[in-house]
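Notes follow the structure.
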2 protein chains.
Amino acid sequence: IKEFVLIGLGRFGSSVASHLHSMGYEVLAIDIDEKRVQKNKDFCTHVVQADATDEQTLRALGVANFEVAIVSIGHDMQASILVALLLKDLGIPRVIAKASSDVHGKVLKRIGVDRVIFPERDMAIKLANHLAIDNIIDYLEITPDVSIVEVSATPEIQGQTLRELDIRAKYDVNIVALRRGVTEVLVPPGPDEVIRPGDILIALATNENVRRWQEATR
Amino acid sequence: IKEFVLIGLGRFGSSVASHLHSMGYEVLAIDIDEKRVQKNKDFCTHVVQADATDEQTLRALGVANFEVAIVSIGHDMQASILVALLLKDLGIPRVIAKASSDVHGKVLKRIGVDRVIFPERDMAIKLANHLAIDNIIDYLEITPDVSIVEVSATPEIQGQTLRELDIRAKYDVNIVALRRGVTEVLVPPGPDEVIRPGDILIALATNENVRRWQEATR
Ligand SMILES: Nc1ncnc2c1ncn2[C@@H]1O[C@H](COP(=O)(O)OP(=O)(O)OP(=O)(O)O)[C@@H](O)[C@H]1O
Ligand SMILES: Nc1ncnc2c1ncn2[C@@H]1O[C@H](COP(=O)(O)OP(=O)(O)OP(=O)(O)O)[C@@H](O)[C@H]1O
């Protein structure tokens, strides 16, 4: 059973805290700003107004007993780094911190943060990729070149079977699943499955091949 | 060939602009803050210092000619809403806007924004889910219950073949791919593939079954 300490109740931090809390986990949230503490009182196990850059305060709050800490201070890079450093020095096994820039992320990594997150940058890349190929709904990067993508079936391919479309042979794109409506998922879809309007194809391929396929079947 | 106009060069906006630009797209970026304009000069086609809540300014900049606009103003909800409204009134077919809260998102939707993004909230949910099940590295939600998840191979399953592990029969979890190292991906992995330390399994299953599998093989 895991307990989490979280520092920084901005949009990212308060969402992490409330989601963990709603999943039944204990969350101790700390923020220097009383208004933010009040706003989050109902979404965490405990919310405390405190300056997390103060080591004595962290010790008094029993922060050293936690197994996982999340530092979600964005704009004050100095505070973010100092808090992360204190948490590692207090012996917390797993410290996760959000970074506001590549430089910020590098410093966090170097002082021993176990996982650095770039929420704005990662969602921006996702959106940019989506905008570049209209049809991509979502994707999961497997390696920098290979992704699993969700693509809505273009009019071009509707009414045909997967065997007829021969996507794998033509584009080296592997259709691993087909989603229809809200709950139906064919895994894998059969070769004689006819593509219908509204179908979502889940494909595994290099980004380049997905692009080629989409350009060819616009 | 698509051209984008983007308003608001915060962390999210500047990342979207620079990624689109690096993919070869034309990006006109607008920000009221001269410092941010200067910081982004090399990462967009054009960067202009201007107040995007001023309709005359938007018209003078030719914003009405763009097919896609991205509004990435976070803290000033009023400015974000006003800009989005102006962009729709100027006839821009697709307006995407980031929202800082559910309320902000609702208003944007209601004034006609085509897609509302919650970068901090969505990354927070992703992190919270990851923290809840230690082993999940990333995931793609197919439906609210079914996901494709990336799971690192636990010591429990290392040294065994997929046939021996019989994951599909036992947990209804379908291992669709196996990633090894930075670039090797087996799609699908053969039944006699021996799981090694460091392997990442890409599985398709209900969230519940992934959890069951992970709890059983901790
Ligand atoms: N020394 C500190 N101790 C505790 N909390 C702090 C400290 N410094 C900053 N904070 C808190 O961290 C929170 C998040 O910081 P900030 O708003 O700068 O980050 P952000 O990255 O813009 O947030 P968002 O997740 O909304 O994008 C704020 O609520 C702030 O009060
Ligand atoms: N009226 C306006 N016209 C043009 N740009 C504006 C206007 N109002 C705000 N901006 C710009 O929008 C940008 C993003 O706003 P802000 O920093 O509040 O958002 P944020 O959500 O915190 O950003 P981040 O993506 O870093 O989390 C800022 O650079 C700001 O100068």
Side-chain angles (χ1 to χ4, degrees), chain A residues 2 4 10-20 22-25 68 70 72 74 94 96 98 100-101 115 117-132 134 138-146 148-150 174 176-177 179 181-185 187-188 200 202 204, chain B residues 2 4 10-20 22-25 68 70 72 74 94 96 98 100-101 115 117-132 134 138-146 148-150 174 176-177 179 181-185 187-188 200 202 204:
Chain A
K2 276 191 280 184
F4 300 89
R11 291 163 300 192
F12 179 75
S14 57
S15 285
V16 174
S18 68
H19 272 88
L20 288 172
S22 70
M23 287 196 270
Y25 294 100
V68 186
I70 300 130
S72 42
R94 195 138 196 262
I96 295 137
K98 78 163 251 186
S100 283
S101 67
R115 193 173 167 206
I117 305 214
F118 300 84
E120 299 85 4
R121 186 198 72 178
D122 288 358
M123 287 296 284
I125 295 173
K126 199 163 168 166
L127 175 64
N129 281 321
H130 172 175
L131 291 172
D134 316 75
D138 206 351
Y139 71 90
L140 176 72
E141 216 175 60
I142 308 274
T143 72
D145 297 316
V146 178
I148 288 185
V149 294
E150 284 196 0
N174 181 9
V176 298
R179 188 172 94 214
V182 181
T183 53
E184 190 184 350
V185 189
V187 188
I200 309 288
I202 292 123
L204 173 64
Chain B
K2 277 190 282 187
F4 300 89
R11 291 163 299 193
F12 179 74
S14 56
S15 284
V16 174
S18 68
H19 272 89
L20 287 172
S22 69
M23 285 195 270
Y25 294 100
V68 186
I70 299 130
S72 42
R94 196 139 194 261
I96 295 136
K98 78 164 253 188
S100 283
S101 68
R115 194 172 166 207
I117 306 216
F118 300 85
E120 299 85 4
R121 186 197 73 179
D122 288 358
M123 289 296 286
I125 295 174
K126 198 163 169 166
L127 175 64
N129 282 320
H130 171 178
L131 292 172
D134 317 73
D138 206 353
Y139 71 89
L140 176 70
E141 217 175 61
I142 309 276
T143 72
D145 296 317
V146 178
I148 288 185
V149 295
E150 284 194 358
N174 182 9
V176 297
R179 186 173 94 214
V182 183
T183 52
E184 190 185 350
V185 189
V187 188
I200 309 289
I202 291 121
L204 173 64

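Residue numbers start from 1 in every chain, and the chains themselves are labelled A, B, ... in the order their sequence lines are given, proteins ahead of strands.
- Here the CE atom belonging to B:Met123 is positioned 6.0 Å from the CD1 atom belonging to A:Ile117, to the nearest 0.5 angstrom.
- In terms of heavy-atom pairs under 4.5 angstrom with chain B, the leader among A:Ile125, A:Asp122, A:Ile202 is A:Ile125.
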Go through A:Lys98 and B:Leu127 one step at a time and tell me if the side chain to side chain contact (heavy atoms under 4.5 Å, CB included) criterion holds. CA-CA 11 Å; A:Lys98 78 163 251 186; B:Leu127 175 64; over 6 Å; no
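- Atoms NZ and NE2, from A:Lys126 and B:His19 in turn, are 14.0 Å apart once rounded to the nearest 0.5 Å.
- Only the side chain of A:Val68 comes within contact range of chain B, with at least one heavy atom under 4.5 Å from a heavy atom of that chain.
- Between chain A and the options B:Pro188, B:Ser15, B:Ser72, heavy-atom pairs under 4.5 Å are most frequent for B:Ser15.
- When every heavy atom of B:Ala128 is checked against every heavy atom of A:Val16, the shortest pair comes out as CB-O, 4.3 Å.
- Pairing each heavy atom of A:Ser100 with each of B:Arg11, the nearest pair is OG-NH1, 2.7 Å.
- Distance CG/A:Leu131 to CD1/B:Ile96: 4.5 Å, rounded to 0.5 Å.
- Proximity to chain B is absent for every atom of A:Ala17, based on heavy atoms less than 4.5 angstrom apart.
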